[in-house]
> 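Have a look at this one.
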There are 2 protein chains.
Amino acid sequence: MVLYLNTPHIMAKPKLDRKTLLKNSLSVFKSRGYHGTSVNDLAAANGLLKGSIYHYFDSKKSLMLEVLIALKEHYVAKVFAKSYDEQLPPYERLRELAVRAEEIFTFEETGDFFVNIGLETMNTNPEFLAVIKEFFRDWIGSLQDLYLHVLGREEALMQAERVVAELEGSVIMMKLLGDVGYLKRTSTRVLNEYKELEKLKLKP
Amino acid sequence: MVLYLNTPHIMAKPKLDRKTLLKNSLSVFKSRGYHGTSVNDLAAANGLLKGSIYHYFDSKKSLMLEVLIALKEHYVAKVFAKSYDEQLPPYERLRELAVRAEEIFTFEETGDFFVNIGLETMNTNPEFLAVIKEFFRDWIGSLQDLYLHVLGREEALMQAERVVAELEGSVIMMKLLGDVGYLKRTSTRVLNEYKELEKLKLKP
DNA sequence: TTTTATTAAACAAACGGTTGGTAGGTAATA
DNA sequence: TATTACCTACCAACCGTTTGTTTAATAAAA
């Protein structure tokens with residue numbers, strides 16, 4: 001026999017939709033990392049008790065995997081897609097991408113999530129790395145597409161890789177040193193360099 | 001009766017000196033992160049049992065702190081010091097710094113340790129952040145000193161910050177994507193840019 | 001009635017940390 | 001030289017807690 005004393009909210013509440021479940025879990029993983037987050041933390045962030053998490057997910061591991069996949073897909077659809085928007089000239093697409101990147105990194109604090117989790121778990125949970133790699137490959141790919149307007153294939157790839165590395169480096173320094181200037185400077189520099197490449201292309 | 005207060009010369013010979021103790025612990029923290037490492041792991045890496053660790057350190061936390069401090073001091077003394085070596089011309093100092101950085105990042109895999117641990121623990125263990133910040137401030141400071149030969153004070157600082165951010169970004173991308181090209185390209189670019197700045201300084 | 005959502009409770013394993021005790025050494029003294 | 005006092009290094013065993021996970025019960029919704 002089980003007694004439910006002092007438990008007024010035992011009734012089955014309307015189902016929590018997966019999206020908010022993942023969103024709440026993401027914010028915990030963001031601030032505590034993977035190993036630093038307990039299933040208890042995840043449940044609490046969703047107003048549940050530990051056991052209830054297993055109604056929705058097989059394991060902590062699979063929950064994290066789903067968070068990573070959802071987040072990556074969100075970026076592909078909502079951010080990286082801008083690169084292929086034929087309505088805008090290439091430079092404007094890059095500018096919009098840069099604006100979104102700044103928002104993401106400074107407010108959502110989510111841009112370094114992939115780096116963070118990747119570094120923390122690459123030796124202990126290599127299954128996360130595949131999604132993380134896809135995220136960066138997609139990001140680099142979308143940038144390469146923009147640089148193809150002003151550079152050859154190989155150079156465009158290298159430039160795209162360089163920009164992603166610089167942005168990530170800036171964000172990390174920004175977070176660790178508490179200096180907000182890094183990212184702004186990097187993104188304006190990237191934009192200026194693109195303008196220069198456009199000029200060079202017109203008058204070689 | 002004889003008192004043995006500060007008389008380290010009569011100590012029984014330790015099987016493990018603190019240096020190797022810290023070194024072995026570092027390699028565990030490097031591959032498993034902070035939260036992912038247990039005191040058991042640390043003991044095992046030193047051929048000890050868990051309890052024995054507490055003969056040397058107060059806690060897992062203080063062990064990590066000592067690892068961070070020792071590593072930072074090693075860099076200050078053995079790497080960053082190159083910046084101030086008046087025997088060499090500035091460009092050569094930067095080149096030596098770059099060579100060392102490449103070794104550190106690719107072989108010792110230790111250059112991203114500060115980033116790694118910083119990101120993982122900044123919300124849960126803010127006491128580590130102070131040492132990590134010092135590491136980067138020292139690194140940036142040593143680079144700024146080199147850039148002061150070709151740039152003004154403010155610009156030299158910004159350039160130094162940028163180079164560190166770029167290197168860290170490159171290393172992280174290198175690790176996550178398994179591409180070894182990133183770092184090499186970044187360091188040669190940094191060196192070339194320095195050469196350009198030197199030319200600009202001579203003929204303005 | 002069946003299904004779904006949630007819970008409390010229990011689980012073994014692992015966690016960080018503590019303790020008592022032993023082995024083996026040094027150094028002063030007898 | 002032998003004895004004694006004292007020290008370090010280390011381990012085994014244990015502490016209380018927390019981990020991720022499972023299960024049986026329960027209540028609301030369909």
Side-chain angles (χ1 to χ4, degrees), chain A residues 1-22 24-25 28-29 32-67 117 120-121 123-125 127-128, chain B residues 1-25 28-29 32-67 117 120-121 124-125 127-128:
Chain A
M1 180 167 94
V2 177
L3 286 177
Y4 294 89
L5 304 169
N6 284 334
T7 54
H9 59 296
I10 182 146
M11 330 124 23
K13 276 179 279 184
K15 190 185 172 183
L16 280 162
D17 70 306
R18 218 161 179 77
K19 211 168 180 176
T20 45
L21 217 46
L22 291 174
N24 292 334
S25 303
V28 182
F29 279 132
R32 312 188 63 82
Y34 179 71
H35 290 112
T37 297
S38 71
V39 178
N40 221 340
D41 295 334
L42 295 165
N46 287 291
L48 299 174
L49 292 196
K50 195 163 58 155
S52 309
I53 288 290
Y54 291 86
H55 175 64
Y56 296 93
F57 303 96
D58 288 346
S59 63
K60 179 185 169 187
K61 199 178 282 189
S62 77
L63 167 50
M64 172 56 106
L65 205 57
E66 220 170 292
V67 165
I117 298 301
E120 188 196 336
T121 63
N123 294 301
T124 50
N125 300 76
E127 59 272 30
F128 299 151
Chain B
M1 179 165 112
V2 180
L3 283 177
Y4 294 87
L5 296 172
N6 278 325
T7 53
H9 54 287
I10 65 158
M11 299 191 314
K13 250 190 188 172
K15 284 181 182 169
L16 290 163
D17 65 311
R18 214 164 183 76
K19 211 168 179 178
T20 44
L21 217 48
L22 291 174
K23 202 180 129 191
N24 292 335
S25 304
V28 181
F29 280 132
R32 311 188 64 81
Y34 180 70
H35 292 111
T37 297
S38 73
V39 178
N40 222 339
D41 295 334
L42 295 165
N46 287 291
L48 299 174
L49 292 196
K50 190 167 58 158
S52 309
I53 287 290
Y54 292 89
H55 173 66
Y56 296 94
F57 304 97
D58 287 345
S59 62
K60 178 185 167 185
K61 199 179 284 190
S62 76
L63 167 51
M64 172 57 105
L65 205 58
E66 220 171 293
V67 166
I117 298 300
E120 188 195 336
T121 63
T124 49
N125 299 76
E127 61 271 30
F128 298 152

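Small disclaimer: the values here were computed from a predicted structure and weren't measured. Below, all heavy atoms of this structure are taken into account, side chains as well, without hydrogens, waters or symmetry copies.
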> NE2 of B:H55 to CG of B:L21: how many Å apart, nearest 0.5 Å?
9.5 Å
> What's touching nucleotides 16-18 of chain C from the protein side, N or O pairs under 3.5 Å?
from: C:dG16; atom 1: OP1; to: B:T37; atom 2: O; distance (Å): 3.2
from: C:dG16; atom 1: OP1; to: B:K60; atom 2: NZ; distance (Å): 3.0
from: C:dG16; atom 1: OP2; to: B:V39; atom 2: N; distance (Å): 2.8
from: C:dG16; atom 1: N7; to: B:K50; atom 2: NZ; distance (Å): 2.7
from: C:dG16; atom 1: O6; to: B:K50; atom 2: NZ; distance (Å): 2.8
from: C:dG17; atom 1: OP2; to: B:Y54; atom 2: OH; distance (Å): 3.1
from: C:dG17; atom 1: OP2; to: B:K60; atom 2: N; distance (Å): 3.1
from: C:dG17; atom 1: O6; to: B:K50; atom 2: NZ; distance (Å): 2.7

> Measure from NZ or CZ of A:K60 to the centre of the six-membered ring of A:F29 and say whether it is under 6.0 Å with the direction within 45° of the ring axis.
no
> Where is the tightest heavy-atom contact between B:S25 and B:V67, given as atom of each residue plus distance?
CB-CG2, 4.2 Å
> Roughly how far apart are B:T121 OG1 and B:K61 NZ, rounded to 0.5 Å?
10.5 Å
> When the distance from CZ of B:F57 to P of D:dA9 is rounded to whole Å, what number comes out?
11 Å
> For a quick test of reading the model: is some side-chain N or O of A:H55 closer than 4.0 Å to OP1 or OP2 of C:dA5?
yes
> If you take all heavy atoms of A:F57 and A:S62, which pair is closest and at what distance?
CB-OG, 4.1 Å
> Nearest whole angstrom, please: distance from the P of C:dC15 to the CG of B:D41.
6 Å
> I need the CD1-P distance between B:I53 and D:dA12, as an integer number of Å.
14 Å
> Taking only residues two or more places apart in sequence, or in another chain, which ones meet B:K50 in a salt bridge (charged side-chain N to carboxylate O under 4.0 Å, His left out)?
none
> Expressed as a whole number of angstroms, how long is the span from B:Y56:OH to D:dC11:C1'?
12 Å
